[in-house]
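Here the structure is laid out as structure tokens; the discussion comes afterwards.
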Number of protein chains: 2
Amino acid sequence: MKPDKEILLIALGGNALIRKGQIGTIQEQFENLKVPIQQIARLSQKYRVIITHGNGPQVGNLLLQQECCDAAPKLPLEILVAQTQGQIGYMIESTLDTELMNIGVFTQKIVSLISYVVVDEADPSFSDPSKPIGPAFTEYQAAKLPYPTKKTPKGFRRVVISPKPVTIVEKREIKALIDTDFIVICCGGGGIPVIREGRSFAGVDAVIDKDLASAKLAEEVGADRFVIATDVDGAALHYGSSQENLLEKLSVEDARRYLAQGHFPSGSMGPKIEAAIAFVEQRNKGAVICSIEHIQDAIDGKSGTQIIS
Amino acid sequence: MKPDKEILLIALGGNALIRKGQIGTIQEQFENLKVPIQQIARLSQKYRVIITHGNGPQVGNLLLQQECCDAAPKLPLEILVAQTQGQIGYMIESTLDTELMNIGVFTQKIVSLISYVVVDEADPSFSDPSKPIGPAFTEYQAAKLPYPTKKTPKGFRRVVISPKPVTIVEKREIKALIDTDFIVICCGGGGIPVIREGRSFAGVDAVIDKDLASAKLAEEVGADRFVIATDVDGAALHYGSSQENLLEKLSVEDARRYLAQGHFPSGSMGPKIEAAIAFVEQRNKGAVICSIEHIQDAIDGKSGTQIIS
């Protein structure tokens, strides 16, 4: 037991594996993981660590592949999310194994586990698919696709149902694991979405936002620090314009106001801000949104956007 | 800690999810899991339980799908194995959750974890791909395929490299988990094959036989019982002929002799017998090969082929 060590939950964005402009070969994905995972390896010697991760491009690729192919049965989205948990969990775990050995740590226990997350079948998203996943298309291509798409800053993308996370089914297991000195990799892609049906769980054809699921897990295991690592340096006002202004500190109150003013787009920075607000309010501790290059600096208060109560 | 409870390792064959004649829709796979998982739910109240599982049809489907589709990068076999661990791990875990609730157990901890398995890069299989995976083709279809195939009892099937398992990377984690009362689902599809490269692991484009990997894990965690659950009632002499003779008890010595005489085909019963022999010799305890319908009876000595020293 290491109850003395603070619990650090790090949510890795999709760009930890696939950078802008890359198609996402397996070599690229492993290479990209080194920068965040080297930092996490060092941090794990000081904190109890939980790692969560996105899966947007990976689940998008699996969807494309099964749509190309009539020789195998099509699987619902929650099964594809489960598949990406296997893939990305393995990639993070094996990279972390290597980076721990590189700093002389040979006995750290690590587990990458399948996570499913309960959602509410009354969630309004079931009648309004709006979460973009997979590759971007031109307007002309998008019009021919057999599923709903939406215009995003990257182009037209497929949109799917994305309900809010209610509870992480494996929360007790995850807490028991970090309390016995495991590093835990979990909640991949926001978790496999399930609804309760009496005495059982049933998967639903949807995805859960990984930052919102991570905030829920951080609340449920009592995390002390919540880091959302992504492909920008933090949250900014007037993002992408000549007046862009990176925010170093952001109160929950200001975060809410800027969110309402539309500074944080719903497909990208919006859910990160929402997740940070949820964590700060529930735990009364700080969250930080930062670049995957500067996780350590962000924890030290030297980088990223610190969200405080 | 429950050091008093024996450790039971159950290796579920691919037919626990997809039966003969089925194409493997997700509904079929969940429905099929009920029979073995109901038994395992009850057994988990008496034993510390580890569940491993096959992935032949599932990994074959992922291969087919990625070969159909040029829009997404192709991934090596070890990544597809990782994806099936996510998929099947989720399906087993959520079915087990339900079946435990059905018998009034609400607090059992379960974890389904990603497992990788070290293989030896000098293993002879690297120059002789011979493990069948995926669907069966006619001889005419097989001749047109861009990869090696082999004639099997089901038809012509793709063959891939399948080295012997050397060690399960997560063995310490798995032992720690069962010792703290977790049910552990692991080593899916025989584990993700990796070779050691200095201070790191590198995945290889191969699959590991799940029964041999299960036997290795049973040895490494000190299992007391090893159950190989499959689609036949046990090992038989003259299988498939009019002289077919199911073996109720089989010594290691006889098992070796029958194996050499060709009673147990290399693609199906052969590795199960090899795995049982390895376990019995290493642990000096009995293994059983049985139908997924009769796991409980097989443990009670009333069904299956008992392999003894």
Side-chain angles (χ1 to χ4, degrees), chain A residues 23-26 28 60-62 64-76 78-91 93-95 97-99 101-102 107 109-114 116 135 169-170 172-173 176-177 180 182 185 188 192 194 198-203, chain B residues 23-26 28 30 60-62 64-76 78-91 93-95 97-99 101-102 107 109-114 116 135 169-170 172-173 176-177 180 182 185 188 192 194 199-203:
Chain A
I23 62 162
T25 66
I26 208 68
E28 284 169 347
N61 284 344
L62 287 169
L64 279 178
Q65 286 173 338
Q66 76 168 13
E67 277 154 8
C68 292
C69 181
D70 289 326
K74 311 260 183 284
L75 303 173
E78 97 263 14
I79 298 291
L80 306 188
V81 172
Q83 292 177 338
T84 66
Q85 289 191 352
Q87 170 186 347
I88 303 171
Y90 156 63
M91 296 177 74
E93 183 182 333
S94 63
T95 305
D97 260 339
T98 297
E99 297 303 338
M101 288 191 269
N102 282 339
T107 56
K109 287 179 290 190
I110 311 175
V111 69
S112 179
L113 61 84
I114 302 308
Y116 44 107
V169 174
E170 293 83 356
R172 288 184 318 119
E173 283 86 347
L177 287 164
T180 49
F182 279 78
I185 302 157
I192 301 161
V194 297
R199 283 194 167 177
S200 70
F201 299 113
Chain B
I23 62 162
T25 65
I26 208 67
E28 284 170 348
F30 272 114
N61 284 345
L62 286 170
L64 280 177
Q65 287 173 337
Q66 76 168 11
E67 278 155 7
C68 292
C69 180
D70 289 327
K74 311 261 184 282
L75 303 173
E78 97 264 13
I79 298 291
L80 305 189
V81 172
Q83 291 176 339
T84 65
Q85 288 190 352
Q87 171 186 347
I88 303 170
Y90 157 62
M91 296 176 73
E93 184 183 332
S94 63
T95 305
D97 260 338
T98 297
E99 297 303 338
M101 287 190 271
N102 281 338
T107 57
K109 286 179 291 190
I110 312 175
V111 67
S112 179
L113 61 84
I114 302 308
Y116 44 107
V169 174
E170 292 84 357
R172 287 184 319 118
E173 282 87 347
L177 287 164
T180 49
F182 279 79
I185 302 157
I192 301 160
V194 297
R199 283 196 168 174
S200 71
F201 299 113

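To find a chain, count down the sequence lines: A is the first, B the second, and so on, and within it residues start at 1.
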Under a 4.5 Å heavy-atom cutoff, which of B/Ala176, B/Gly60, B/Cys68, B/Ala71 has the most pairs with chain A? B/Cys68
Who are the side chain to side chain contact (heavy atoms under 4.5 Å, CB included) partners of A/Ser94, not counting sequence neighbours? A/Phe30, A/Tyr90, B/Tyr116
Heavy-atom pairs under 4.5 Å with chain A are the metric here; pick the option from B/Thr95, B/Thr107, B/Asp70 that has the most. B/Thr107
Kindly compute the distance separating CD (A/Glu78) from CE (B/Met91), expressed to the nearest 0.5 Å. 8.5 Å
To the nearest 0.5 Å, what is the distance between OG1 (A/Thr84) and CD (B/Gln87)? 11.5 Å
What part of A/Ile192 gets within 4.5 angstrom of chain B, counting heavy atoms only: side chain, backbone, both, or neither? side chain
For the interface with chain A, which of B/Gln85, B/Gln66, B/Arg172 has the highest count of heavy-atom pairs at distances below 4.5 Å? B/Arg172
Under 4.5 Å to a heavy atom of chain A? For B/Glu170 that would be side chain
Who among B/Cys69, B/Gly188, B/Gly24 has the most heavy-atom pairs with chain A under 4.5 Å? B/Cys69
Counting heavy-atom pairs closer than 4.5 Å to chain B, which one of A/Glu173, A/Lys74, A/Glu99, A/Glu67 comes out on top? A/Glu173
B/Glu93 vs A/Phe201, test: side chain to side chain contact (heavy atoms under 4.5 Å, CB included). Steps then yes/no. CA-CA 10 Å; B/Glu93 184 183 332; A/Phe201 299 113; over 6 Å; no
Please look at B/Leu62 and chain A and tell me whether the side chain, the backbone, both or neither of the residue comes under 4.5 angstrom of a heavy atom of that chain. side chain
Engaged part of B/Leu64 at the chain A interface, taking heavy atoms whose separation is under 4.5 Å: both
For chain A, which candidate among B/Val111, B/Val194, B/Ile79 shows the most heavy-atom pairs at distances under 4.5 Å? B/Ile79
If you count heavy-atom pairs within less than 4.5 Å of chain A, which of B/Pro76, B/Gly203, B/Ser200 leads? B/Ser200
Heavy-atom proximity to chain A below 4.5 Å, by part of B/Val169: side chain
Euclidean distance, A/Ile185 CD1 relative to B/Ile114 CD1, rounded to 0.5 Å: 9.0 Å
Just how far is it from atom CD of A/Gln83 to atom CG of B/Leu80, taken to the nearest 0.5 Å? 9.0 Å
Can you name the salt bridge (Lys or Arg N to Asp or Glu O under 4.0 Å) partners of A/Lys109, sequence neighbours left out? none
Bottom line for B/Ile23: the part with an atom under 4.5 Å from chain A's heavy atoms is both
Note: vs chain B, highest number of non-hydrogen pairs under 4.5 angstrom among A/Val81, A/Ile110, A/Thr25 is A/Ile110
